[in-house]
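Here the structure comes first, spelled out in structure tokens, and everything after it is commentary.
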Amino acid sequence: HSTPPALCFKQTDLPVGCSPHPAAMAQQQVVVVVDPVSTGGCVAAEAKARGYEVISAWCDEITVDMRNTVSHAAKGLKYLASVDEKSTIAESAAAVKAAAGGRTIVACIVGSESGITFADKLSLELGVRSNGIFSGGDRRNKSVQQKAVKAAGLRAVREALGTTWAEVAHFVDTETMPVVVKPVESCGSDGVKLCKTKEETRAHFQLLMEGQRRAGAQGAAVLVQEFLKGKEYVVDHVSRDGVHKVVMVWVYDKRTTNGAAFVYYGMIPVDVNSPEALVLIKYTDGVLNALKLDNGPTHGEVMMTSDGPCLVEMNCRSHGWDGAWVPLAKLLTGGYAQPGVALDSHVDGAAFDKIPMKCPSPFKAAGQNVMLVSFFSGSVRTTPGYDKMRKMSSFVALQTGVTVGSKVELTIDLFTAVGVLVLANKDKKQLEADLAEVRKMEKDGLFTYDEDVDPAQFEQTRDMVMPVGRRRTESLDNIVLRAAGPTPTGRSSANLLPVAIAAFAAGALVGLMAGRRMK
């Protein structure tokens, strides 16, 4: 298979809010980041900017393609060393200590989804701040999460887990259709499908069991779950010693598009003092306690149903999307975002204490992250839509891997989105007008093509899941943030900020879209 999208960009400035940490520079302390891809690269860059040496540690599940997916924030970052997971945790810890060369290891932080389990074990073995081993099983396992939540007396999703169809057949027979079928370990909508019939459910179940996913789990079990009706929210926390601080609340804008049920159109900030946020935060705090996630960043996805909030999944690491949302988060909060606070939670208790329990209400700015959707496909000749966006008064950043010559397909998931647009404006009406114009441009076509495929002519495949190996070409807009004052910890914010592109890439399946180009 061809190599999946690395989406690597030119190294420019380090993230806003980063400043050298004198103690770290003097003592040459070391931060270990496990699987520093996607937003994990932002965490690594934050540590490096504060003067820490950084060691990249790689779990044995991560694929070569995923390992080579370097986010913009970490592009060109010089690690002290790179260590691969060994046959035992003791051997892995010994290798990390040897790589540190006598320097003090002060933190071991998870970078991306694939590294969660290894990071829990390694941090414990290294004797640094850790969530440790969860008695209920692997915290990354979505079924383990739901069982722990249910045991804590919180609303949990009805589900069946299995590696064979016989293990889930009774649930499918008795559950109201549609149902959601997903890998037990995945991220970024990888392999998730809404199935409307028993036959469709069985076909996708078999497909997932026979396929492989980039997120690091091969041959893993498959979950069949009730379809939660409602609105899906994100609650992002950072915790230290069981103190859970809300750094952002978002609501997903997902729509049925191009034959796919779960296409992301963006993330909209939610006021933390709104009635729904107050309920969501209380519920999510309960989930964190149930899973004993006492330290570090978490990215909770929760559905607000007619009978209250229900966990979709708890991602025991920073919010993904390559950190594309970080610039907007800093505008909304007045200068801080999850990657920096995540580092604070591990190495700087005083700085963590200065972060408020909840992000500001009201926000310091109006804005949202917009996932750009393509309703056409073909080889890109020109990009007039991008040119118009850059001229909007609400424009903050356009993060995209699509350039002239790129092959664009219909957007059916995060991986086929054609960019992340960050919009912010003091004038909320102008923000809404600019967003409406963007949505109109998508329908009219963001690009001109050497040859077009209209949606009406597009022949859908059975499972509308991203196949393996999609490649994007390199591109990045250097952007100017229009606001960003000092952070609560006193770190200054720069005016120029390079932003990483694109949605956090996670998995794809082998053998999909027969007859079509494999990504």
Check your understanding: Which of these passes side chain to side chain contact (heavy atoms under 4.5 Å, CB included) with L280: V270, V272, V302?
Key -> V302
Point to revise | Positive for side chain to side chain contact (heavy atoms under 4.5 Å, CB included) with S239, one of N295, L293, L288 | key: L288
[Y]/[X] salt bridge by N-O under 4.0 Å criterion:
X: K142; Y: E301; value: no
X: R129; Y: D241; value: yes
X: R255; Y: D253; value: yes
X: R50; Y: D344; value: yes
X: K231; Y: E276; value: no

Are any of the side-chain heavy atoms of [X] and [Y] separated by less than 4.5 Å?
X: M389; Y: V438; answer: yes
X: C108; Y: V34; answer: yes
X: R317; Y: E113; answer: yes
X: L311; Y: Y283; answer: yes
X: T257; Y: I412; answer: no
X: W58; Y: E85; answer: no
X: M371; Y: V420; answer: yes
X: W321; Y: T39; answer: no

Exercise for review: Specify the closest pair of heavy atoms between A342 and I109, including all atoms of both residues, with the distance to one decimal.
Suggested key: O-CD1, 4.5 Å
Check your understanding: Closest heavy-atom contact between S112 and V37?
Key -> OG-CG2, 3.3 Å
Taking the side chain from [X] and the backbone from [Y], do they hold a donor-acceptor pair closer than 3.5 Å?
X: T411; Y: S374; answer: yes
X: Q145; Y: M314; answer: yes
X: N425; Y: L431; answer: no
X: D434; Y: S394; answer: yes
X: T416; Y: D413; answer: yes
X: S38; Y: D322; answer: yes
X: E200; Y: K196; answer: yes

I need the [X] [atom1] to [Y] [atom2] distance, nearest 0.5 Å.
X: Y336; Y: K330; atom1: OH; atom2: NZ; answer: 12.5 Å
X: N258; Y: L410; atom1: CG; atom2: CG; answer: 4.5 Å
X: E432; Y: D427; atom1: CD; atom2: CG; answer: 9.0 Å
X: Q368; Y: L421; atom1: CD; atom2: CG; answer: 9.0 Å

Distance-only polar pair, side chains of [X] and [Y], donor-acceptor under 3.5 Å:
X: D271; Y: S361; result: yes
X: E159; Y: S143; result: yes
X: T63; Y: D65; result: no
X: T117; Y: D120; result: no
X: D294; Y: H244; result: no

Check your understanding: For K147, which residues count as a side-chain hydrogen bond (donor to acceptor under 3.5 Å, both in side chains) partner, sequence neighbours excluded?
Key -> none
**Study point:** Test side-chain hydrogen bond (donor to acceptor under 3.5 Å, both in side chains) applied to E226 - qualifying residues, sequence neighbours left out
**Key:** R155, R158
With sequence neighbours left out, what residues match [X] under side chain to side chain contact (heavy atoms under 4.5 Å, CB included)?
X: A156; result: Q146, V149, K150
X: K440; result: E437, D444
X: R202; result: W165, Q206
X: E167; result: T163, T164

**Study point:** K245 charged N/C atom sitting above F352 aromatic ring, 6.0 Å / 45°
**Key:** yes
Review point. Does NZ or CZ of K254 fall inside the cone over Y265's six-membered ring, less than 6.0 Å from its centre and within 45° of the axis?
Key: no
Practice item. State yes or no: are the ring centers of Y252 and Y264 separated by less than 6.0 Å? Key: yes
